[in-house]
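Contents: one structure, followed by commentary.
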Amino acid sequence: MASLVSSPSTIPSSKVDQLSSLSQKHYFLHSFLPKKSNSKSPTKLFKCAAIAGNGLFTQTTPEVRRIIPEKNLLGLPTVKVVYVVLEAQYQSSISAAVQTLNKNAKFASFEVVGYLVEELRDQETYKTFCQDLENANIFIGSLIFVEELALKVKSAVEKERNRLDAVLVFPSMPEVMRLNKLGSFSMSQLGQSKSPFFQLFKKNKSSAGFADSMLKLVRTLPKVLKYLPSDKAQDARMYILSLQFWLGGSPDNLVNFLKMISGSYVPALKGMKIKYSDPVLYLDSGIWHPLAPCMYDDVKEYLNWYGTRRDANEKLKNPNASVIGLVLQRSHIVTGDESHYVAVIMELEARGAKVIPIFAGGLDFSGPVEKFFVDSITKKPFVNLVVSLTGFALVGGPARQDHPRAIEALRKLDVPYIVALPLVFQTTEEWLNSTLGLHPIQVALQVALPELDGGMEPIVFSGRDPRTGKSHALHKRVEQLCTRAIKWAELKKKSKTKKKLAITVFSFPPDKGNIGTAAYLNVFASIYSVLKDLQKDGYNVEGLPDTAEALIEDIIHDKEAQFNSPNLNIAYKMNVREYQKLTPYASALEENWGKPPGNLNSDGENLLVYGKRYGNIFIGVQPTFGYEGDPMRLLFSKSASPHHGFAAYYSFVEKIFQADAVLHFGTHGSLEFMPGKQVGMSDVCYPDSLIGNIPNVYYYAANNPSEATIAKRRSYANTISYLTPPAENAGLYKGLKQLSELISSYQSLKDTGRGSQIVSSIISTARQCNLDKDVDLPEEGQEISVRERDLVVGKVYSKIMEIESRLLPCGLHVIGEPPSAMEAVATLVNIAALDRPEDGISSLPAILAQTVGREIEDVYRGSNKGILRDVELLRQITEASRGAITAFVEQTTNSKGQVVDVSRKLSSILGFGINEPWIQYLLNTKFYRADREKLRVLFQFLGECLKLVVADNELGSLKQALEGKYVEPGPGGDPIRNPKVLPTGKNIHALDPQAIPTTAAMQSAKVVVDRLLERQKVDNGGKYPETVALVLWGTDNIKTYGESLGQVLWMIGVRPVADTFGRVNRVEPVSLEELGRPRIDVVVNCSGVFRDLFINQMNLLDRAVKMVAELDEPEDQNYVRKHALEQARELGIDVREAATRVFSNASGSYSSNINLAVENSSWNDEKQLQDMYLSRKSFAFDCDAPGAGMTENRKVFELALSTADATFQNLDSSEISLTDVSHYFDSDPTNLVQNLRKDGKKPNAYIADTTTANAQVRTLSETVRLDARTKLLNPKWYEGMLSSGYEGVREIEKRLTNTVGWSATSGQVDNWVYEEANTTFVQDQEMLNRLMSTNPNSFRKLVQTFLEANGRGYWETSEENIERLRQLYSEVEDKIEGIDR
């Protein structure tokens, strides 16, 4: 295994020279900062995991499952059996059965060959499968649920079906089930209403799904059918008996199964009257223990046996021992493929935990879980924790799931629920060698789906032998699983006074002004609120200061990162010997970081752990990646390992402080982004080594399900969602407010003589507000007609309304403080602005527009064009929406502004005789005739939403997790689009990755693509763009159910095709006639998180692009084909390879590092940033070799980018815009494309904004201006931030730094943005003093960023301004570093 981490990543020698010369230069930043900082230590090359394999994940061969009878049996007729199964547990049973039959051959010799469904992806294997079917007698299939493979099986078997003597398919997709044929019995009608089996496949069938319905049939039908005379009934009985034999699974059962089928249906054997025994039936569900004398159907009987075991160790006899419930698959037990189960049971018992291992034969485990794990009398659970070793969702397995039913069962149990993974589609070696880790289909079925039940910790515990197909335990992984399971179980039993909790905060970028960074969260106020609550609850929080401010002071040594304290508080000094003893993987880190202690988190002799202890609570600062400030390391295409200080931190938490749990506080840290497999960690993956055995609870922003999912899968986190701050409308200020007043005057006086005078004032004020970049304004003094006046005013008005109504989160959230009802109004207004046809709810703007005889879409369109009448109508609709909702909310609140019993209030409001508050409000507007029934339906929904917005379970869920209880799962995402995200305090999950894009998402995607192409045509002389370079984000695709994925598909002109279960694994081309335009080429940059979560969708995209490149169409109508042919010629490769368009980072690496370079000012010039992008983002996914993971293909990447006419990104929710996070500019290739294009032309850069019902496509520069006006320069926003104190200053500095990032990657930031920011934050003496005294470290960074923007040529300003900034920088530097030195 060591080899896995030690194959060096090769860098061409020229690159190495270039890097080393670069690392010797002084960074450019120092030339315009007044002080010098220390020089860096030399860096080392590092190594990374090797990629192995021939392209596919499953490289086993069906030949290991082929048995050919010996020559001496040749006189007998031969029966050939071909079978296809999902997993390999039947392999040894079938092989044993066939060998037994051939050994005692009396009537026939048997030839058999078996295929795992995944092997059929390989063309050669599929060809052999088809050849095997040509001379087969019997075909058997089971659990075939992957659509593309199901269709392959169907097409091969269909050709031979009439000739085959028997076709038996057990629970699988309907398309494959229809192949069944036993004499006169068939299922060809399946899925049609005439079919007797139709009920099993009905979409809304009771949730256990058809597999369990089949099991019920299996138990009852043979008895009934036995007495029916017709052949048809006997054939149906044979099918049911076959299913019983199959589910019985043992070699004996399979011997009798083959005797029965061949004797009844193979013509050569029909007269022989071959005798067979009835199936040996095992319990459908029960309790199984490898040492027990039998299976148990009663938990009390099992516990009686357990209590009398003579082999039990002393620990097991302890009445306080933890009890772990295990969920097993019955088929593994009956086929004798259970050694991996035995290993887990033995390991748990050796560690002193008792076990109750239950199994079920169907796909619904919720019944058995309630029956065997809960005491039927007391209703209390027998177990402290449940571990499912099946890997499947609790209800429905690989077929159709029923998550609400699973959650109901697990809620009754109320213990943590772990879903561990047996390798299904890979052998142990294939998994170990894969940089991706788990096979994508297994990730979808066995990681993503169990997460929807609240399952956590997807630890791979067993592998598969390529020869026998049998499962075997992976002992180190089994140890990890069992130790972690027992740790979770102990949380249930340990008293609160003794429980130890390590709260971990983050610091991005590393600087004292940044301690406690987390998205939208006031970290220290939240920690303080959590600790006060835990203290009240009985936890030992000795010495907790009196205020949140004092808590900050304790941890960063001095109030609000203030003066004469260069270091954080040191909680522990770890010497090198102790570090090496406690950290078994320490030597692996030396490759990147040299011998310990190194120079990060170290004093030269010891490794330093920063933080502070209060009784049994430790608050620690997680070290950062360590390479943020080193341009040489930032250029490496693969990320470095954690440094010694990082490893020492987690060794301290686990082994010295001995935490019972760690609480990572806020979105997000670095642990889950450390190198290792994407999903399904091995012992040499860093996230797994670092977290060790500590239960990990993680507060994560509710609107970021994608990165929360990475934390769940890679650092085994139980993620608990917190609310983002309540949104407000940006409002207007200064000149913008004045403009709004002028426009009101114009509307009332435009027909008088003063009209033209007011328009002149509007034009000059708009210029002063820099709106001339967004609106074509006539020259001052120019005569314009009345009609043109209306248009100019309309366009300015439209722009102002866009600014005023933009949503922004105000301030920062504090855990445990839900918004007040009035704070929820803006959120409700936006929830009400969306149509929800699936729930029969019309949007409020649509209802109001219809009242005055308009369609809201028309009003939006008119307003976007600046038609004054429509802009005014839209303003009135917006105002009426806010007023009606405010009136409604006021009715449900008390005098303190708290929401009182909403449901009671609602029923009285919606009752008879009382005029509804929204109607009362609308009576005084032009919308008094609005449709009352539609309004009533809408406000009923809004009432439910209001309850959810103000509910609060963030603290409650944390306490549940710390007490070893079940935290209910819930989706993450945008609460406006999907109110089910609320209330927060849920264990966040993403979605079934195979469910996107949905039909609704495709509809929205088409609208955006059409608007984008229209806009580009206008800006590009009427020509379509030939190529668009765009980005796919994980969170965006979860929130919008795949809209941006749908955009890519629509650009190239294909549509997704869903299977019976609504899963999307196929696409088909849309004809050019229907498309009505050329197919646009794309270059898709997938974020590292998208790559981890949606590898199936990357496969789908790559297949789609390659399919389009191979269409026989004219090149001027198919730009994908045009460019692929050109690139194939230029590089001397085939068209499929040249059509590679889906790129991301190397597996286990994230981001282009441009964000780290910009945040830490560790870059010399833009060329260097572009090199980072190319070196880190040029890893391609290849659908023809999915198992190879991400492979570098820089040549094709550069050529594809060089054809881009436009770059494009999406904004999909109000909380996150372009300058709020660094991810957006980190993925922006605008300047890079200009450098790669042969003509040196800058591509147009666009941003789609789908944050409101009125989707817009703006240029990047328009969006940056809108962002600056509504956030950075808006008093409402920055005062909201400053109300959070220390953290607020950092938020302001971060927006300015991210603005510089956009200048660096795109050059699309106007000079006035920097100028106005300088006026607001530096020239205003009172503001300057507030910033400096509240968080001097962040203020220093703000001043540094202004100097940097000027030094890099992004901001031209007066020499006085620069001099003032230099002087300020020196002052604040002295204050921080020097007064009492």
Side-chain angles (χ1 to χ4, degrees), residues 32-34 730-741 764-774 799-800 803-804 806 808 810 1217-1220 1261-1283 1288-1303 1308-1336 1338-1372:
F32 47 77
L33 281 189
L732 298 174
Y733 54 92
K734 297 181 187 165
L736 296 170
K737 198 168 190 178
Q738 202 183 330
L739 259 178
S740 166
E741 287 156 7
S764 66
T765 312
R767 275 214 165 75
Q768 285 160 18
C769 294
N770 300 294
L771 286 176
D772 51 332
K773 309 279 192 307
D774 300 281
K799 194 43 92 180
I800 283 184
I803 295 166
E804 189 278 336
R806 193 149 178 90
L808 43 102
C810 273
S1217 193
L1218 290 188
T1219 56
D1220 292 325
S1261 57
E1262 284 168 355
T1263 313
V1264 171
R1265 288 194 289 273
L1266 181 61
D1267 234 29
R1269 288 181 177 124
T1270 50
K1271 298 252 173 85
L1272 186 64
L1273 305 175
N1274 183 355
K1276 191 172 188 177
W1277 180 83
Y1278 60 70
E1279 289 299 343
M1281 283 302 171
L1282 286 174
S1283 65
V1289 184
R1290 180 177 64 228
E1291 292 293 326
I1292 292 168
E1293 173 271 306
K1294 188 168 95 178
R1295 297 307 182 293
L1296 186 71
T1297 301
N1298 291 342
T1299 305
V1300 171
W1302 282 109
S1303 289
Q1308 303 282 310
V1309 183
D1310 298 321
N1311 201 64
W1312 67 264
V1313 173
Y1314 294 112
E1315 197 65 39
E1316 293 275 323
N1318 183 57
T1319 307
T1320 305
F1321 300 111
V1322 177
Q1323 291 186 352
D1324 177 335
Q1325 191 61 42
E1326 189 191 337
M1327 172 62 80
L1328 184 146
N1329 294 341
R1330 278 169 75 192
L1331 297 173
M1332 195 189 290
S1333 61
T1334 311
N1335 186 337
S1338 287
F1339 179 65
R1340 171 176 60 179
K1341 176 78 165 88
L1342 185 83
V1343 173
Q1344 174 191 314
T1345 305
F1346 276 122
L1347 287 167
E1348 189 177 346
N1350 172 258
R1352 294 190 188 280
Y1354 301 145
W1355 173 37
E1356 284 178 28
T1357 189
S1358 66
E1359 195 45 50
E1360 292 89 327
N1361 277 348
I1362 296 304
E1363 203 36 59
R1364 171 88 182 102
L1365 285 163
R1366 286 194 184 121
Q1367 193 184 336
L1368 263 178
Y1369 187 86
S1370 298
E1371 278 173 34
V1372 71

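Because the structure is predicted, anything quoted here is derived from the model rather than measured.
You'll find the side chain of R1265 stays beyond 4.5 Å of the side chain of N770, heavy atoms only. For the pair N1350/N1361, no side-chain contact is recorded, criterion being any heavy-atom separation below 4.5 Å from C-beta on.
Considering OH of Y1369 and CZ of R1364, their distance stands at 16.0 Å, rounded to 0.5 Å. With values rounded to the nearest 0.5 angstrom, K1294 atom NZ is found 12.0 Å from T1299 atom OG1. To the nearest 0.5 Å, the span separating OG1 on T1297 from CD on Q1344 amounts to 8.0 Å. Between atom CD1 of residue I803 and atom CG of residue L771 there is a gap of 5.5 Å, rounded to the nearest 0.5 Å. From T1263, atom OG1 reaches atom CG of L1218 across 5.5 Å, with rounding to the nearest 0.5 Å. Distance CD/E804 to CG/N1274: 10.5 Å, rounded to 0.5 Å.
Listed by chain and residue number, nothing satisfies the ring-ring contact (aromatic ring centres under 6.0 Å, His included) test with Y1354 (two or more places apart in sequence, or in another chain). In this view, R1295 and D1220, E1291 satisfy the salt bridge (Lys or Arg N to Asp or Glu O under 4.0 Å) rule, not counting sequence neighbours. Every residue was checked against the salt bridge (Lys or Arg N to Asp or Glu O under 4.0 Å) condition with E741, not counting sequence neighbours, and none meets it. For the side chain to side chain donor-acceptor pair (under 3.5 Å) test, residues two or more places apart in sequence or in another chain that qualify with R806 are D1249. K1276 is linked by a salt bridge (Lys or Arg N to Asp or Glu O under 4.0 Å) to E728, counting only residues two or more places apart in sequence or in another chain. By the salt bridge (Lys or Arg N to Asp or Glu O under 4.0 Å) test, E1356 pairs with no residue at all, sequence neighbours left out.
Considering every non-hydrogen atom in both V1372 and P1336, the closest pair reads CG2-O, 3.7 Å. Across all non-hydrogen atoms, the minimal contact from I1292 to L1272 is O-CD1, 3.9 Å. Between S1217 and K1271, the closest heavy-atom pair is CB-NZ, 3.8 Å. Residues R1269 and C769 come closest through the heavy atom pair NH2-O, 3.2 Å. When all heavy atoms of V1309 and V1313 are compared, the closest pair comes out as CG1-CB, 4.1 Å. Here the closest heavy-atom approach between residue L808 and residue W1277 is recorded as CD1-CD1, 3.9 Å.
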Could you walk me through whether V1300 and Y1314 pass side chain to side chain contact (heavy atoms under 4.5 Å, CB included), step by step?
-> CA-CA 9 Å; V1300 171; Y1314 294 112; 3.8 Å; yes

Evaluate the side chain to side chain contact (heavy atoms under 4.5 Å, CB included) criterion for residues L1328 and L1368: first the C-alpha distance (whole Å), next the side-chain angles of each, then the deciding distance (0.1 Å), finally the verdict.
-> CA-CA 10 Å; L1328 184 146; L1368 263 178; 3.5 Å; yes

Should R1330 and D1324 be marked as a side chain to side chain contact (heavy atoms under 4.5 Å, CB included) after you check the CA-CA gap, both sets of side-chain angles, and the distance that decides it?
-> CA-CA 10 Å; R1330 278 169 75 192; D1324 177 335; over 6 Å; no

For L1342 and L1331, run side chain to side chain contact (heavy atoms under 4.5 Å, CB included): C-alpha distance rounded to whole Å, both residues' side-chain angles, the deciding distance at 0.1 Å, then the answer.
-> CA-CA 10 Å; L1342 185 83; L1331 297 173; 4.1 Å; yes

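Judged purely by atom type and a 3.5 angstrom limit, D1267 uses its side chain to pair as donor or acceptor with the backbone of T1219. A donor-acceptor pair under 3.5 Å is formed between the side chain of T1319 and the backbone N or O of E1315.
Tested against T1334 for a side-chain contact (heavy atoms from CB on, under 4.5 Å), the candidates N1329, L1282, V1289 yield a single pass: V1289.
Annotation: K737, atom NZ; neighbour count of heavy atoms from other residues, nucleotides and ligands within 6.0 Å does not exceed 12.
If you look at F1346 and F1321, their ring centroids are not closer than 6.0 Å.
For the residue pair E1316 / T1320, no side-chain donor-acceptor distance below 3.5 Å is found, with atom types taken as modelled.
Between E1363 and R1366 there is a salt bridge, since a side-chain N of the basic residue sits under 4.0 Å from a carboxylate O of the acidic one.
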